[in-house]
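The structure presented is a predicted model; accordingly, all values stated were derived computationally and were not measured.
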Amino acid sequence: MKRIIPLLSILLSILVFGSCGAVGDKATSVSVIYFFTTFAALLLLIGCLFVIDRREKWFIVLFSSVFVINLGYLLLSASRELKLALAANTISYICSALLPLTMLMIILNVCKCRTPRWAKALFACISIFMLLLVTSPLFGIKLYYKEVSFVLEGGCGTLDKIYGPLHSLYLFYLLLYFAIMVALSIRASIKKALDSTVHAVILLVAVFSNIAVWLFGQLVDMNFEFLSVSYIVTELFLLSLHLMLKETKRNCQIIMVNTVDEPVPLAQTDTDILREKGEYMRSQLSNLTPTEKLIYDLYIEGKSTKEVLTELNIKENTLKYHNKNIYSKLGVSSRKELKEISKNQAQ
């Protein structure tokens, strides 16, 4: 099921984009497309609540935002007056402005990147400013839109907008987040923070699909927001990646003899299981980052925590972070187990 999610996303894109060919001839088809994208986003949100752990709040925010964005587009197409159309448009823009931050937080987590508090505060301030900017037309402030009027084309409501002096900030806002997400994805791939090349490819496709669709929407003058579909495709790719990583972690746990902090004593451990764990650990050493490999070597040499901290000149919290990644990648639950398995392999 998890492997066909990317294929389903591509199929959804082909079906929806293909149906957009008649938009210029029959504007009411836009409302029909928005109805289906809104319904699809709702189904994905419901599915997310069952599949995603409640602690992963950014996934829930992402799926909720995409649903609200599509709902806003649907309400805009169904509007019959300026006030309602502007409100519906603002609803979509509010969540659209929040979406880059949400995607960035998810990618930071997937790529196992630690984010300083000042960086999180900076991202939050930028997003809040953008939220205030996109809601300004509701209050008659002519910064984002200089002028806006309601147009009814073939039974489909839309807004005729003349952009204001600060509208271009939204472009730089999107490009900033997209650039950071691309850089994080490439960095994770180079440092092997992701478990496989497939994971890195899925992550890059999720980011680049939004960039490509947004640029297409800027170049082609059509009465349809292609991002409504692109966001759903992004959801599917990120959900696919999340489930694949979850399955990889589960497989590592199956290989482990014991999931508690203290491993089973060597004398009481089945020889075949120990050999399998040792072979798995050896096969995963190439997935360690240079820093993680250095820490691993120091542990094998018998270095204590204090000696490792001194030699690498790092803080204890940083070492704990590396330990978590090392144990997860090598399929062990503690340093003692790691040393015991390594010692057994050397014999």
Side-chain angles (χ1 to χ4, degrees), residues 34 37-38 40-42 44-49 52 54-76 86-111 113 115 117-139 141 143-145 159 161 166-182 184-185 203 206-211 213-214 217-218 225-239 241-242:
Y34 284 146
T37 57
T38 303
L42 177 60
L44 284 171
L45 173 58
I46 295 173
C48 168
L49 296 176
I52 300 297
R54 294 294 189 276
R55 292 174 297 180
E56 305 195 60
K57 57 183 181 225
W58 289 111
F59 264 101
I60 298 176
V61 174
L62 170 68
F63 282 71
S64 300
S65 298
V66 173
F67 168 67
V68 175
I69 289 170
N70 281 276
L71 180 61
Y73 290 143
L74 176 62
L75 293 176
L76 172 60
L86 193 57
N89 184 71
T90 302
I91 289 173
S92 292
Y93 260 104
I94 289 175
C95 290
S96 293
L98 180 63
L99 214 57
L101 174 63
T102 306
M103 288 180 60
L104 177 60
M105 292 297 108
I106 292 175
I107 289 176
L108 282 169
N109 182 54
V110 170
C111 295
C113 295
T115 310
R117 291 184 178 179
W118 65 264
K120 291 181 179 179
L122 177 61
F123 290 140
C125 290
I126 293 175
S127 297
I128 290 173
F129 171 78
M130 193 56 58
L131 287 173
L132 293 175
L133 181 61
V134 298
T135 57
S136 62
L138 276 178
F139 308 101
I141 302 174
L143 293 176
Y144 196 67
Y145 295 145
L159 291 174
K161 298 164 285 191
L166 297 185
H167 185 272
S168 59
L169 289 180
Y170 190 72
L171 166 62
F172 294 108
Y173 174 73
L174 292 178
L175 292 178
L176 171 65
Y177 274 104
F178 283 147
I180 294 174
M181 287 186 279
V182 170
L184 286 172
S185 302
L203 193 57
V207 177
F208 277 111
S209 62
N210 282 282
I211 300 175
V213 172
W214 185 83
Q218 299 300 304
E225 290 287 351
F226 284 94
L227 282 174
S228 63
V229 180
S230 175
Y231 290 150
I232 295 177
V233 173
T234 300
E235 283 185 324
L236 291 168
F237 275 111
L238 291 178
L239 181 60
L241 178 58
H242 173 79

Could you state the interatomic distance from OH (Y170) to OH (Y93), rounded to the nearest 0.5 Å?
-> 6.0 Å
Find the distance between CG (L45) and CG (L62) and round it off to the nearest 0.5 Å.
-> 10.0 Å
Might you point out which heavy atoms bring L131 and L98 nearest each other, and give the distance in Å?
-> CD2-N, 4.4 Å
Indicate yes or no: at least one non-hydrogen side-chain atom of I232 is less than 4.5 angstrom from one of L44.
-> yes
Rounded to the nearest 0.5 angstrom, the OH-CG distance for Y34 and L75 is 11.5 Å
How many angstroms lie between atom CD1 of I107 and atom CG of L184, to the nearest 0.5 angstrom?
-> 7.0 Å
Using modelled atom types only, decide if a donor and an acceptor are shared between the side chain of T38 and the backbone of N70 within a distance under 3.5 Å.
-> yes
F59 versus C48, closest heavy-atom pair with distance = O-SG, 4.1 Å
Heavy-atom closest pair, residues S65 and C95 | O-CB, 3.7 Å
dist L143:CG -> L133:CG (nearest 0.5 Å) comes out at 6.5 Å
Is any side-chain heavy atom of N109 closer than 4.5 Å to a side-chain heavy atom of W58?
-> no
Y73 versus S92, closest heavy-atom pair with distance = N-OG, 3.2 Å
Heavy-atom closest contact (T90 atom, V134 atom, distance) | CG2-O, 4.0 Å
May I have the step-by-step check of side chain to side chain contact (heavy atoms under 4.5 Å, CB included) for L76 and L159, ending in yes or no?
-> CA-CA 8 Å; L76 172 60; L159 291 174; 4.0 Å; yes
Test item: M105 and V61 side chains (from C-beta on) under 4.5 Å apart, heavy atoms = no
Between Y177 and S127, is any side-chain donor less than 3.5 angstrom from a side-chain acceptor?
-> yes
For M130 and A97, the nearest pair of non-hydrogen atoms, with its separation, is CG-CB, 4.0 Å
Spacing of CG belonging to L132 relative to CZ belonging to F139, to within rounding of 0.5 Å | 9.0 Å
